[in-house]
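Okay, so here's the structure we're looking at.
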Amino acid sequence: MGWRLAHIFRHPIKAHGRQELAHVALSAGRCLPFDRHWAVAHEAARLRDGWNPCMNFTRGAKTPTLQAISAQMEDGAGQITLTHPARPPLTFAPDTAQGQADFLNWVAPLMAGGRAQPVRLVTAGGGMTDTDFESVSILNMASNRVLGKRLGRDLGLDRWRGNLWLDGLAPWEEFDLLGRELAIGDARLKIVERITRCRATMVDCATGRIDVDTLAGLDAGYGHTDFGVYAIVTRGGTIRTGDTPELCA
């Protein structure tokens, strides 16, 4: 098939930065380790135990400047470093009271006026993905290229907040994989549903400003606002950039 795993990303704090990885160990039924491990609850949040829907959290769909955050963390180190073009770098421990205070002070100038403001970092014992199950998002480099050509610009990758980017597929071929399993490295992932997109994808992640209407481009060109697919890890194992994904029989 000539497919290749081109990029691996995780997002330690939901909607607040991304980190590229060279490899990662997946576990059955779980998202990437520390992907969406924390989320930023706002003052109007109504949280219950465990997973909560994204309406309870501050995010790029409501505050575009958040899309320009990048994140770095080492598993087991207990600290995250965030960067943003309009803020000094911040290294903090999100599970400590001081770390939470440092983060809230750092992010406050980025928040949109008139929106519910962030009040605390929360965890749920698992990844707070946009699905109510722990998912891994799989995106197609070719789909990004053809949509960018339609819209007259290089869209980059960061605006889509994906986990795994595959190259070598035909544009939109990822939608044909629903119900199939992919073997990548030592792991297997079952493709379960398409990803319907929000306004966060309209933001240039270098600046944190809206630069293109991706949703209108998808709807006008293809009759939907979907980009990428969600998968569930059915067999754990290590995956690496450069691995060759294969369809399972």
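Here the structure is a predicted model, which is why all the values come from computation and not from measurement.
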ask   = Would you say the side chains of Thr196 and Asp226 form a donor-acceptor pair under 3.5 Å?
value = yes

ask   = Just checking, any donor-acceptor pair under 3.5 angstrom between side chains of Glu174 and Ser143?
value =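 There is such a pair between these side chains.
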
Using the side-chain hydrogen bond (donor to acceptor under 3.5 Å, both in side chains) rule, collect all pairs that involve [range], keeping only residues at least two apart or in two chains.
| range | value |
| --- | --- |
| residues 227-239 | Glu181-Thr234 |
| residues 31-41 | His11-Asp35, His11-Arg36, Asp35-Asn163, Trp38-Asp95 |
| residues 58-67 | His16-Thr58 |

Summary of salt bridge (charged side-chain N to carboxylate O under 4.0 Å, His left out) pairs that have at least one residue in residues 10-29, sequence neighbours excluded =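 The answer is Arg10-Asp75, Lys14-Asp130, Arg18-Asp158.
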
May I have the list of side-chain donor-acceptor pairs in residues 112-128 shorter than 3.5 Å, sequence neighbours left out?
| from | atom 1 | to | atom 2 | distance (Å) |
| --- | --- | --- | --- | --- |
| Gln117 | NE2 | Ala112 | O | 3.3 |
| Gln117 | NE2 | Arg115 | O | 2.8 |

Go through the structure and list residues passing side-chain contact (heavy atoms from CB on, under 4.5 Å) with [X], not counting sequence neighbours.
| X | answer |
| --- | --- |
| Ile232 | Phe133, Val192 |
| Pro64 | Val203, Ile210 |
| Ser27 | Arg30 |
| Asp176 | Glu173 |

task = May I have all residue pairs that pass ring-ring contact (aromatic ring centres under 6.0 Å, His included) and include part of residues 198-223, sequence neighbours excluded?
result = Trp172-Tyr222

query = Taking only residues two or more places apart in sequence, or in another chain, which ones meet Arg145 in a salt bridge (Lys or Arg N to Asp or Glu O under 4.0 Å)?
reply = Asp167

key: With sequence neighbours excluded, residues passing side-chain hydrogen bond (donor to acceptor under 3.5 Å, both in side chains) with Gln100   =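 side-chain hydrogen bond (donor to acceptor under 3.5 Å, both in side chains) check on Gln100 returns nothing, list empty.
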
key: Given Asp243, Leu139, Leu182, the one that forms side chain to side chain contact (heavy atoms under 4.5 Å, CB included) with Leu166   =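 Answer to the side chain to side chain contact (heavy atoms under 4.5 Å, CB included) test with Leu166 among Asp243, Leu139, Leu182: Leu182.
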
